[in-house]
Amino acid sequence: MTEEQEQQSPVRNVYITGGTTRYGQGIVRQLTQNGHIVSGPAATSAQANILRDCGALPVYGEEDNASVVRQNLKISGADTIVHLAPLLLNTPPHLRRDWDADVAQMRQQNDALFQAASDAEVPYIVLGSFAFIYEDAPGDTVDEMAPARPADGVPLFEVALEAERHTLERGGSVLRVGYLFSDDSDDALRHLQAQLRRGIPQPVGHVNAMANWLRSEDLGAPVATVAIEQPEGAIYNLVSDTPVSTYSFLEQFCAGAGLRMPLAMPTPVAGRLFGTTGVTLLNSNAALSNAKAKADLNWTLRYPQVDQALDDVLLTWRATRQPV
């Protein structure tokens with residue numbers, strides 16, 4: 001968005017979930033520095049301070065309680081919701097997690113937010129969704145017109161597709177984001193590093209199965225633009241210029257961090273330890289185009305190449321004397 005366009009845009013009153021994350025803070029700053037009003041939930045005093053430091057107003061209460069969320073929306077006077085909390089699950093898929101518990105929490109928070117938004121008559125929602133939601137498309141480049149994968153009884157896909165449907169039916173916008181990573185000391189890459197240092201076998205993904213990524217710092221500008229301009233029923237792929245397989249991403253990370261590439265785990269064992277969801281994500285295969293987001297949102301990536309972004313993370317760790 002140009003400075004002239006920004007000056008002509010109305011002041012938005014934005015309620016943002018996930019605003020205390022690395023990517024969320026960047027979006028909050030983008031909005032508040034351009035004169036928009038931002039509020040968001042904080043679970044602790046530390047999170048409240050993060051929001052205040054970014055220029056936002058923290059609000060309190062359970063995010064899975066529709067009555068509490070509705071009250072917070074009304075108190076803050078929100079006319080726009082940016083729902084980024086689902087992206088907490090959008091880390092590199094090599095990490096083990098309790099998918100059943102995490103997806104159940106995401107479902108509860110989504111249900112509460114959509115119900116509260118309807119009750120409070122908030123007119124516009126921006127949803128952070130997932131690049132892996134597309135059907136596998138080996139050898140093809142996928143744009144926003146490509147079909148989403150069938151849920152096939154996998155709770156993560158069911159919940160994600162339901163949230164997208166709710167958003168689009170309300171005239172909001174869906175942002176399908178690549179796996180997020182950053183140089184933050186508590187980022188998923190640090191947890192992946194600790195997991196790899198244990199030296200146990202794990203699923204690594206297929207070398208030819210393309211995945212999509214995004215450095216967290218590159219998420220702020222396009223999300224802020226969508227929240228301000230509010231295109232109706234839009235879908236955008238927010239990913240780096242180059243897809244990289246989960247295998248290749250892990251291989252490069254291990255090489256840069258001085259770690260051995262883990263032994264590949266047999267599929268039956270991987271299914272028991274990582275679950276169907278984890279194994280599916282590691283082997284999903286769709287190379288996404290970000291051309292629409294670049295053109296419509298005037299988006300320029302700071303880290304267009306995945307290898308460049310990952311190298312910069314490791315360089316930052318070394319420069320700040322964080323262990324690599």
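Side-chain atoms of Glu62 do not come within 3.5 Å of backbone N or O of Val68 as any donor-acceptor pair. Put simply, the side chain of Arg149 gets close to the backbone of Phe132: a donor and an acceptor are under 3.5 Å apart. Between the side chain of Gln305 and the backbone N or O of Thr242 there is no donor-acceptor pair closer than 3.5 Å. Of the possible polar contacts, none joining the Arg12 side chain to the His36 backbone as a donor-acceptor pair under 3.5 Å is found. A donor-acceptor pair under 3.5 Å is formed between the side chain of Asn212 and the backbone N or O of Leu288. Looking only at distances, a side-chain donor or acceptor of Asp187 sits under 3.5 Å from a matching main-chain atom of Ser182. The closest donor-acceptor contact from the side chain of Gln25 to the backbone of Thr20 lies under 3.5 Å. Between the side chain of Asn283 and the main chain of Val279, a donor-acceptor pair closer than 3.5 Å is present. Judged by distance alone, the side chain of Asn65 and the main-chain N or O of Ser67 form a donor-acceptor pair under 3.5 Å.
For the pair Tyr179 and Val244, the minimum side-chain heavy-atom distance is 4.5 Å or more. The side-chain heavy atoms of Asp136 and Ser284, taken from C-beta on, include a pair separated by under 4.5 Å. Counting only heavy atoms from C-beta outward, the side chains of Glu169 and Phe114 never approach each other to under 4.5 Å. Residues Glu158 and Val103 fail the side-chain proximity criterion, which asks for heavy atoms closer than 4.5 Å. Between His206 and Ser245 the shortest side-chain heavy-atom distance does not fall below 4.5 Å. In this structure, Ile133 and Leu161 have side chains that are in contact, with non-hydrogen atoms separated by less than 4.5 Å. Using a 4.5 Å cut-off on side-chain heavy atoms (C-beta onward), Tyr236 and Pro231 make contact. The shortest side-chain heavy-atom distance between Tyr23 and Val223 does not fall under the 4.5 Å cut-off.
The cluster map of Ile, Leu, Val, Met, Phe, Trp and Tyr, joined by side-chain heavy atoms under 4.5 Å apart, puts Leu73 and Val14 in different clusters. Residues Leu314 and Val306 are members of one and the same hydrophobic cluster, defined by side-chain heavy-atom contacts under 4.5 angstrom among Ile, Leu, Val, Met, Phe, Trp and Tyr. Hydrophobic clustering (ILVMFWY, side-chain heavy atoms < 4.5 Å, transitive): Tyr303 and Trp299 are in distinct clusters. Cluster annotation: Leu84 and Val239 are assigned to the same hydrophobic cluster (Ile/Leu/Val/Met/Phe/Trp/Tyr, side-chain heavy-atom contacts under 4.5 Å, transitive). Both Val28 and Leu175 are part of a single hydrophobic cluster, where members link through side-chain heavy atoms under 4.5 Å apart.
Using modelled atom types, one finds no donor on one side chain facing an acceptor on the other under 3.5 Å when comparing Thr17 with Glu63.
Going from atom CE of Met145 over to atom NZ of Lys292 covers 8.0 Å, rounded to the nearest 0.5 Å. With rounding to the nearest 0.5 Å, the separation of CD1 in Ile81 from CG in Leu113 is 4.5 Å. Residue Arg260 holds its CZ atom at 13.0 Å from CG of Leu196, rounded to the nearest 0.5 Å. The distance from the NE2 atom of His166 to the CG atom of Leu127 is 11.0 Å, given to the nearest 0.5 Å. Once rounded to the nearest 0.5 Å, the distance linking CZ of Arg70 with OG of Ser118 reads 10.0 Å. To the nearest 0.5 Å, atoms CD1 (Ile37) and CG (Asn13) are separated by 4.5 Å.
For Arg302, the CZ atom sits in a loose shell: 12 or fewer heavy atoms of surrounding residues, nucleotides or ligands are nearer than 6.0 Å.
The two residues Thr32 and Cys54 make their nearest non-hydrogen contact at OG1-O, 2.9 Å. When all heavy atoms of Gly171 and Tyr124 are compared, the pair lying nearest together is O-CE1, 3.3 Å. A pairwise comparison of heavy atoms in Asp241 and Pro243 identifies O-CD, 3.8 Å as the closest pair. When every heavy atom of Leu219 is checked against every heavy atom of Leu238, the shortest pair comes out as CD1-CD1, 3.7 Å. Val177 approaches Leu214 most closely through the heavy-atom pair CG1-CD2, 4.1 Å. In terms of heavy-atom proximity, Pro41 sits nearest to Ile16 at CD-O, 3.2 Å.
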Checking side-chain contact (heavy atoms from CB on, under 4.5 Å) for the pair Met106/Leu88: CA distance, chi angles, key distance, verdict? CA-CA 9 Å; Met106 184 172 77; Leu88 291 169; over 6 Å; no
Would Arg107 and Asn110 count as a side chain to side chain donor-acceptor pair (under 3.5 Å) here? Give the steps. CA-CA 5 Å; Arg107 185 192 298 273; Asn110 286 354; over 6 Å; no
Output, in order, the C-alpha distance, side-chain angles, deciding distance and verdict of side-chain contact (heavy atoms from CB on, under 4.5 Å) for Val313 and Arg215. CA-CA 9 Å; Val313 167; Arg215 181 78 179 258; 3.8 Å; yes
Given salt bridge (charged side-chain N to carboxylate O under 4.0 Å, His left out), test Arg176 with Glu164 step by step and report yes or no. CA-CA 10 Å; Arg176 292 173 173 168; Glu164 288 196 358; 2.6 Å; yes
Would you check, one step at a time, whether the test side-chain contact (heavy atoms from CB on, under 4.5 Å) holds for Met261 with Tyr247? CA-CA 10 Å; Met261 188 71 174; Tyr247 182 95; 3.7 Å; yes
Residues Asp152, Phe157; criterion side-chain contact (heavy atoms from CB on, under 4.5 Å); working and verdict: CA-CA 8 Å; Asp152 287 340; Phe157 303 141; over 6 Å; no
Stepwise side chain to side chain donor-acceptor pair (under 3.5 Å) test for Gln115 and Asp111: CA-CA 6 Å; Gln115 182 61 56; Asp111 289 348; over 6 Å; no
Determine whether Phe181 and Phe249 satisfy the following criterion, ring-ring contact (aromatic ring centres under 6.0 Å, His included), listing intermediate values before the conclusion. CA-CA 11 Å; Phe181 63 97; Phe249 183 92; 5.4 Å; yes
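Ring geometry for His94 versus Trp213: interplanar angle under 30°, hence parallel rather than tilted (30 to 60°).
By the 4.0 Å N-to-carboxylate-O rule, Asp184 lies too far from Arg190 to be salt-bridged with it.
When each of Val59, Leu57, Val122 is tested with Tyr15 by the rule side chain to side chain contact (heavy atoms under 4.5 Å, CB included), just one qualifies, namely Val59.
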